[in-house]
Amino acid sequence: MFSPRERLPEGDAAIRATDSDAALARLSAVRKGYLTDPYIAPFVSRPHVQQPRPPLINIGTYVRSEALDELVNGWLALCETEETKCQIVSMGAGSDTRFWRIATGDKKDLLAKYIELDFAEITTKKAMAIRKNRDLSAALGKPEDVSLANGGTALHSPVYHLLAADLRKPPAESLAPLLTSPNDPLLSPSLPTLLLFECVLVYMSPEASQNILQWFTDYFAGGSGILGCIVYEMFALEDSFGKVMVNNLKARNVTLPGAQPYPTFDTLPNRFLQHGWDIARALTLKDIRRGYIEPAELERISRLEMLDEIEELELVLAHYAITWGCKLPANSADLKAQWVNWGLKRKETHEL
C-alpha cells in the first residue's frame, strides 16, 4: 500500500503500480515458503529490502498461483497428447515469470511462441531486467538470437517475445500490427493458443475487453487452432465488502470499470459465451481453496504462518474468480471430448 504521505500515482501510472504490488506479493509468498519461483526477484526493485506481506495476502497469492498453474499445465498436457506445439499470449503480463518456469521445465518443447504484452514503460523495465540477469537471459536461447527492438520497449527471441501495447485501444490498432503481419505473422491461427489475463480486463472498459476477445475469436475462426483463455480478477463488487474493496482502490486512483458486467458468480461465463465460445467455466478463489487444492498442500501451508482472520480471508477470496473457456475450430467434434474436460479438478474433501 502507498503510505499517506506518498504521492499517489494517477491514471495509467496507478494501474502500472498494481503490477509492482503483485510482484511484491509473489516475492513474499516465495520467501515464506508458499511457492517456488527462482525468477521473481530480478523483477522486483531492491528485493533484499522488501518487507513480507501479511498472511492473508500470501495465502491469496498461493491459491491464485496454484490454480492458474494447474490450468496452464493442463492446457500444455492436452497439447502434448495432441502431439502439437502451442502458443501462449499473456496480456498485461507485467513482471510475470511463467515463461521462465515453463522454459526450464519438462514442457518447454511444447512452446511454439510465448508472447507478453504490456505498457511500454513496463516492457522496457522487463527487457532491461532480462538482459541484466544471467538465468533469465539463458532461458531465451543463444545470445545472437535475442534482440531488443522499438527503442528497447520490445525483446525478441526464437520463442519468447515481449511487446509494448495499450490494450485499451482498438485491436486493429494495438494487436493486429504486432501479431498478424501479412508476410510473417507472429501468431499462427492454426496452433492451439492460450490467452492469459491476470487482473487486466477489470481495469478496462467492458467494451475494450469485449473487443479484444472478439478480435482473437475472429482471427482464429480462419484457422484450425483451438483458442483458450484464462481470466483472473475481482467480481461481485456491489455488496458491502465489494464496495470496501472498490473504495480502497479509488483512494489509490484505481478504478474497476471492467467488473460492472459481472455482478454475480453466475454472470462470469458470459465473458466467453457472448462470443460464441464452446466452453466457459468459473470458480472463486474461496471455492478453489476449499475443494481444489490437495489436502496435504493445505496442511503444509497452514504451518507456515498463523492466520487468525479466516472470515476475512474467505470474504476476500469470494470476490476473486478464475474464469476459463475454449473456442473450438469448426468441424472439430472429435476434439471436443478431450478439451471439454480441461479445467481444475476437485480434490479430496477436507476440513479447513
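For Lys125, the NZ atom counts as loosely surrounded, since its 6.0 Å shell holds 12 or fewer non-hydrogen atoms of other residues, nucleotides or ligands. More than 12 heavy-atom neighbours from other residues, nucleotides or ligands sit within 6.0 angstrom of CD on Glu173. With a 6.0 Å radius and a threshold of 12 heavy atoms from other residues, nucleotides or ligands, Lys345 has its NZ atom above the threshold. When the shell of 6.0 Å around CD of Glu238 is examined, it contains 12 or fewer heavy atoms from other residues, nucleotides or ligands.
Between Arg131 and Leu148, some side-chain heavy-atom pair lies under the 4.5 Å cut-off. Residues Leu195 and Ile212 have side chains not in contact (no heavy-atom distance under 4.5 Å, counting atoms from C-beta outward). By the 4.5 Å heavy-atom criterion applied to side chains, Thr84 and Leu191 are counted as neighbours. At a threshold of 4.5 Å between non-hydrogen side-chain atoms, the residues Trp215 and Pro170 do not count as touching. Here the side chains of Thr193 and Cys86 are not in contact, with every heavy-atom distance at 4.5 Å or above. Between Asp278 and Trp339 there is no side-chain heavy-atom pair separated by less than 4.5 Å.
With hydrogens and angles ignored, the 3.5 Å screen pairs no side-chain donor or acceptor of Arg46 with any backbone N or O of Val44. Panel note: side chain Ser209, backbone Pro206; a donor-acceptor pair is recorded below 3.5 Å. Remark: the backbone N or O of Ser188 is paired with a side-chain donor or acceptor of Gln87 at under 3.5 angstrom. In this structure, the side chain of Glu116 does not engage the main chain of Tyr160 through any donor-acceptor pair within 3.5 Å. Side-chain atoms of Ser190 do not come within 3.5 Å of backbone N or O of Gly225 as any donor-acceptor pair. Although no hydrogens or angles enter the test, the distance criterion places no donor-acceptor pair under 3.5 Å between the side chain of Lys286 and the main chain of Leu315. In terms of modelled atom types and a separation under 3.5 Å, the side chain of Thr81 and the main chain of Ala77 share a donor-acceptor contact. Under a 3.5 Å cut-off, the side chain of Ser65 and the backbone N or O of Thr61 do not form any donor-acceptor pair. Of the possible donor and acceptor atoms, one in the side chain of Trp324 sits under 3.5 Å from a partner among the backbone N and O of Trp342.
Side-chain heavy atoms closer than 4.5 Å link hydrophobic residues (I, L, V, M, F, W, Y) into clusters, and following such links, possibly through other members, connects Val316 to Leu256. One hydrophobic cluster, built from ILVMFWY side chains closer than 4.5 Å, holds both Phe119 and Ile130. No continuous path of ILVMFWY side-chain contacts below 4.5 Å connects Tyr262 to Val244, so the two sit in separate hydrophobic clusters. In terms of hydrophobic clustering, with Ile, Leu, Val, Met, Phe, Trp and Tyr side chains grouped at heavy-atom distances under 4.5 Å, Tyr34 and Ile310 are assigned to a common cluster. Cluster membership check: Leu186 shares its hydrophobic cluster with Met91, using side-chain heavy-atom separations under 4.5 Å among Ile, Leu, Val, Met, Phe, Trp and Tyr.
Put simply, the residue from Leu136, Val159, Ile88, Ile115 that forms a side chain to side chain contact (heavy atoms under 4.5 Å, CB included) with Phe99 is Val159. Of the options Val146, Thr123, Thr124, a side chain to side chain contact (heavy atoms under 4.5 Å, CB included) to Leu155 is made by Val146 and by none of the others. Applying the side chain to side chain donor-acceptor pair (under 3.5 Å) test between Tyr39 and each of Asn133, Asp96, Thr97, Thr104 identifies Thr104 as the sole match.
Of all heavy-atom pairs spanning Ala67 and Ile322, the tightest one is CB-CD1, 3.5 Å. Taking every heavy atom of both residues into account, Arg271 and His275 meet most closely at O-CD2, 3.1 Å. Between Pro47 and Ala41, the shortest heavy-atom contact is CG-O, 3.7 Å. Between Ala165 and Ser174, the closest heavy-atom pair is CB-O, 4.0 Å. Pairing each heavy atom of Leu227 with each of Trp277, the nearest pair is CD2-CZ2, 3.5 Å. Across all their heavy atoms, Leu162 and Lys126 have their closest contact at CD2-CB, 4.0 Å.
Taking the ring axis of Phe272 as reference, the NZ or CZ atom of Lys327 does not stay both within 45° of it and closer than 6.0 Å to the ring centre.
Using a 3.5 Å distance cut-off with no hydrogens or angles, the side chains of Ser28 and Asn58 do pair a donor with an acceptor. Side-chain contact, Ser95 with Asp19: a donor N or O sits under 3.5 Å from an acceptor N or O. Donor-acceptor pairing under 3.5 Å is lacking for the side chains of Glu66 and Tyr292.
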Please assess Ile102 against Leu110 for the test side-chain contact (heavy atoms from CB on, under 4.5 Å), listing each intermediate value before the final yes or no. CA-CA 9 Å; Ile102 295 175; Leu110 291 169; over 6 Å; no
Might you work through the side-chain contact (heavy atoms from CB on, under 4.5 Å) test for Arg252 and Asp21, ending with a clear yes or no? CA-CA 12 Å; Arg252 300 177 54 186; Asp21 288 345; 2.5 Å; yes
Before you tell me yes or no, could you show the steps for Leu175 and Leu117 under side-chain contact (heavy atoms from CB on, under 4.5 Å), namely the whole-Å CA-CA distance, both residues' side-chain angles and the distance that decides it to 0.1 Å? CA-CA 9 Å; Leu175 296 177; Leu117 300 102; 4.0 Å; yes
side-chain contact (heavy atoms from CB on, under 4.5 Å) between Trp75 and Lys107, intermediate numbers included: CA-CA 11 Å; Trp75 178 275; Lys107 297 288 193 294; over 6 Å; no
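The structure places CG of Leu68 at 8.0 Å from CD1 of Ile288, a figure rounded to the nearest 0.5 Å. Interatomic distance, Thr284 OG1 to Arg289 CZ, rounded to the nearest 0.5 Å: 11.0 Å. Taken to the nearest 0.5 Å, the CG atom of Asp37 stands 5.0 Å off from the CZ atom of Arg101. Taking CD of Glu233 as the start and OH of Tyr320 as the end, the distance is 10.5 Å to the nearest 0.5 Å. One finds the CD1 atom of Ile40 at 6.5 Å from the CG atom of Leu27 (value rounded to the nearest 0.5 Å). Once rounded to the nearest 0.5 Å, the distance linking CD of Glu297 with OH of Tyr62 reads 3.5 Å.
Looking at Asp69 and Arg98, a side-chain N of the basic residue comes within less than 4.0 Å of a carboxylate O on the acidic one, giving a salt bridge. Look at Glu198 and Arg64 and you find a salt bridge, because one of the NZ, NE, NH1 or NH2 atoms lies within 4.0 Å of a carboxylate O, short of that distance.
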